[in-house]
Chemist: 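Sending over a structure as structure tokens; questions will come in a sec.
Just so you know, residue 1 is the first one in the sequence shown, and it goes up from there. This is a predicted model, so every value here is computed, not measured.
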Amino acid sequence: AVDPNSSLYIAGLREVHDQRGFTISLGNWTVPVYESNAATPRYDVELTEPWRGANWMMGVPIPSGAAPDPEADGHMTVLDRATGCEFDFYRARHEAGRWTAGWAKTVRTTESGVHPYGYSMRGSGFANLAGVIWPQELRSGEIKHALIFSYPYTSALGAVEPATETDGQSLRGDALPEGARLQLDPSLDLDTLPLQPYERTIAQALQRYGMYLADTGGGINLYAVHPQSYPFNAYEGLLPPGSYPPLPHIPIDSFRVIELGPVTPPWVLRSRARLVPTGCATMRW
């Protein structure tokens with residue numbers, strides 16, 4: 001079902017689109033991913049943010065050569081496919097042989113991709129790798145999951161499921177709550193649009209699965225796995241060069257907001273926030 005205020009929300013989306021476009025965060029403000037295994041060195045990571053829920057994450061596998069996104073958020077993720085553990089970091093730093101992070105948390109890849117009680121690296125509770133675009137998906141021409149996006153006007157009034165927290169600051173009447181799901185009209189004939197191959201792959205996913213509002217950002221941005229995750233240019237021939245490949249031929253007016261559930265106020269979300277053991281790493285004070 002389409003939300004009764006969908007047209008109002010999409011008008012706000014159009015305003016941002018006309019000013020800043022519709023892009024993919026690729027070289028900046030996204031997530032480098034590194035894979036670990038049983039032989040990967042392990043570190044006790046000190047956590048430093050004032051709002052942290054613990055002081056240490058113990059025994060974290062971090063491969064040699066791993067490095068966070070150099071932008072201010074310093075996101076980084078270590079993925080262990082054998083154990084199904086995803087280790088998410090915010091403001092990660094590696095100095096003098098030790099790792100620190102503003103905050104870090106684990107999630108199981110067999111679960112929903114949302115931290116159930118907040119305390120995530122994103123403003124909304126979504127895990128770092130939930131809804132990101134991988135180069136192998138662009139190469140195959142098919143993305144089999146919903147995407148996530150950032151947006152400037154995220155509501156200060158609260159979030160809707162599946163979001164479990166919010167960093168929304170906007171009091172505009174057309175501000176979107178984090179957790180909102182948007183869908184590209186499935187009746188839109190993509191053959192009538194001058195889509196580049198990567199745009200078509202993304203547009204098909206947006207028609208089939210949609211995109212969830214997962215963070216506050218400077219524009220309407222999807223997320224792709226950071227190129228520094230690979231020892232080679234994994235996006236060569238798949239995306240245009242640059243840190244923010246554009247999506248100029250996906251019509252923003254053809255989106256619709258799927259019916260929103262009840263909005264949970266920020267103070268209620270904060271009161272629910274707690275750590276949930278995943279068996280991937282131990283959190284200690």
Side-chain angles (χ1 to χ4, degrees), residues 23-45 57 59-110 113 121-122 126-145 147-148 150 196-199 201-202 205 214-215 221-247 280-281:
T23 62
I24 307 167
S25 290
L26 177 66
N28 292 313
W29 300 102
T30 188
V31 185
V33 184
Y34 302 94
E35 298 209 16
S36 65
N37 55 42
T40 301
R42 293 185 175 262
Y43 298 84
D44 295 339
V45 180
M57 179 186 276
V60 184
I62 304 180
S64 175
D69 178 8
E71 295 296 341
D73 281 354
H75 282 123
M76 186 179 81
T77 289
V78 175
L79 179 61
D80 191 318
R81 295 185 187 273
T83 62
C85 289
E86 175 181 328
F87 301 83
D88 288 347
F89 299 89
Y90 170 72
R91 292 186 175 171
R93 298 182 67 183
H94 187 215
E95 294 180 330
R98 62 190 292 266
W99 280 92
T100 64
W103 179 236
K105 201 177 177 191
T106 62
V107 67
R108 288 282 182 176
T109 59
T110 53
M121 309 311 111
R122 298 196 183 278
F126 283 71
N128 276 358
L129 297 188
V132 299
I133 299 165
W134 295 76
Q136 56 265 40
E137 294 174 324
L138 296 176
R139 190 172 297 109
S140 71
E142 186 174 21
I143 298 171
K144 298 181 180 181
H145 57 81
L147 304 179
I148 60 166
S150 64
Q196 296 297 312
Y198 73 95
E199 290 182 289
T201 300
I202 291 168
D215 221 336
N221 297 296
L222 304 178
Y223 292 87
V225 170
H226 200 297
Q228 74 182 41
S229 311
Y230 303 93
F232 55 92
N233 184 357
Y235 293 96
E236 186 173 6
L238 299 176
L239 289 175
S243 294
Y244 300 98
L247 298 163
C280 295

Chemist: A side-chain contact here means heavy atoms from C-beta on lying under 4.5 Å apart; do Thr40 and Asp80 qualify?
Modeler: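 No - every pair of side-chain heavy atoms lies 4.5 Å or more apart.
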Chemist: Please examine the side chains of Asp215 and Trp29, heavy atoms only from C-beta on, and report whether any two atoms are closer than 4.5 Å.
Modeler: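 The answer is no, as the side chains (C-beta and beyond) never meet within the 4.5 Å cut-off.
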Chemist: Quick one: salt bridge (charged side-chain N to carboxylate O under 4.0 Å, His left out) pairs with a partner in residues 62-77, sequence neighbours left out?
Modeler: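 For residues 62-77: none.
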Chemist: Is there a donor-acceptor contact under 3.5 Å from the side chain of Tyr34 to the main chain of Ala67?
Modeler: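 The answer is yes, because a donor-acceptor pair under 3.5 Å joins these two groups.
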Chemist: Minimum heavy-atom separation for Ala214 to Ile148, with atom names?
Modeler: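 Closest heavy-atom pair between Ala214 and Ile148: CB-CB, 3.7 Å.
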Chemist: Give me the atom names and distance for the closest heavy-atom approach of Asn28 to Tyr244.
Modeler: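 Looking at all heavy atoms of both residues, the shortest contact is CB-OH, 3.1 Å.
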Chemist: Applying side-chain contact (heavy atoms from CB on, under 4.5 Å) to Ile62 and Phe87, what does each step give before you reach the verdict?
Modeler: CA-CA 9 Å; Ile62 304 180; Phe87 301 83; over 6 Å; no
Chemist: Angle between ring planes, Tyr90 versus His75, binned at 30° and 60°: parallel, tilted or perpendicular?
Modeler: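 Ring orientation, 0 to 90° scale: tilted.
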Chemist: Kindly state each residue pair satisfying salt bridge (charged side-chain N to carboxylate O under 4.0 Å, His left out) with at least one member in residues 85-109, sequence neighbours excluded.
Modeler: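 Only Glu46-Arg98, Glu49-Arg91, Arg93-Glu95 qualify under salt bridge (charged side-chain N to carboxylate O under 4.0 Å, His left out).
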Chemist: Do Val60 and Trp99 touch side chain to side chain, with heavy atoms closer than 4.5 Å?
Modeler: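 In short, these two side chains do not touch, never coming nearer than 4.5 Å.
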Chemist: CZ/Arg81 to OG1/Thr83 distance, rounded to the nearest 0.5 angstrom?
Modeler: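 Between Arg81 CZ and Thr83 OG1, I get 11.0 Å after rounding to 0.5 Å.
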Chemist: Sort out for me which residue in Met121, Met76, Arg122 forms a side-chain contact (heavy atoms from CB on, under 4.5 Å) with Val31.
Modeler: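 One option only clears the test, and that one is Arg122.
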Chemist: What is the minimum heavy-atom distance between Pro32 and Ser229, and which atoms define it?
Modeler: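 Smallest heavy-atom distance, with atoms named: CA-OG, 3.3 Å.
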Chemist: Using modelled atom types and a 3.5 Å cut-off, is there a donor and acceptor pairing between side-chain atoms of Thr30 and backbone atoms of Ala224?
Modeler: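 Flag set: sc Thr30 to bb Ala224 pair under 3.5 Å.
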Chemist: To the closest 0.5 Å, what do you measure between CD1 (Ile24) and CG (Leu138)?
Modeler: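 Output value for this atom pair is 7.0 Å.
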Chemist: Got a second to check how far Glu35's CD is from Thr77's OG1, nearest 0.5 Å?
Modeler: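 Rounded to the nearest 0.5 Å, the CD-OG1 separation comes out at 11.5 Å.
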Chemist: Of all heavy-atom pairs between Ser140 and Glu137, which one has the smallest distance, and what is that distance?
Modeler: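 Smallest heavy-atom distance, with atoms named: OG-O, 3.0 Å.
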Chemist: Measure the CZ-OG1 distance between Arg139 and Thr201 for me, rounded to the nearest 0.5 Å.
Modeler: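 If we round to the nearest 0.5 Å, Arg139:CZ and Thr201:OG1 are 11.5 Å apart.
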Chemist: Return yes if some donor-acceptor pair links the side-chain N/O of Glu236 with the main-chain N/O of Pro241 below 3.5 Å, else return no.
Modeler: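 Not confirmed, Glu236 side chain does not pair with Pro241 backbone.
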Chemist: Which heavy atom in Pro240 sits nearest to a heavy atom in Pro246, and how many Å separate them?
Modeler: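 Minimum heavy-atom contact is CG-CD, 4.4 Å.
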Chemist: Using side-chain heavy atoms (C-beta onward) and a distance below 4.5 Å, is Phe89 in contact with Val45?
Modeler: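 Counting from C-beta outward, Phe89 and Val45 do come under 4.5 Å.
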Chemist: To the nearest 0.5 Å, what is the distance between CG (Asn128) and OH (Tyr223)?
Modeler: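 Separation between the atoms: 10.0 Å.
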Chemist: With heavy-atom distances below 4.5 Å as the criterion, would you say the side chains of Thr106 and Cys85 are in contact?
Modeler: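 No, their side chains stay 4.5 Å or more apart.
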Chemist: Report yes if some heavy atom in the side chain of Leu222 is under 4.5 Å from a heavy atom in the side chain of Leu247; otherwise report no.
Modeler: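 Yes; the side chains approach each other to less than 4.5 Å.
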Chemist: Any side-chain heavy atom of Met57 within less than 4.5 Å of one from Cys280?
Modeler: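 With C-beta onward as the side chain, the pair stays apart.
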Chemist: Any idea which heavy atoms bring Tyr43 and Gly97 closest together, and the distance?
Modeler: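 Residues Tyr43 and Gly97, closest heavy atoms: CE2-O, 3.7 Å.
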Chemist: Kindly indicate whether the side chain of Pro63, heavy atoms from C-beta on, has any atom under 4.5 Å from the side chain of Val78.
Modeler: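 Result yes, sub-4.5 Å side-chain heavy-atom pair found.
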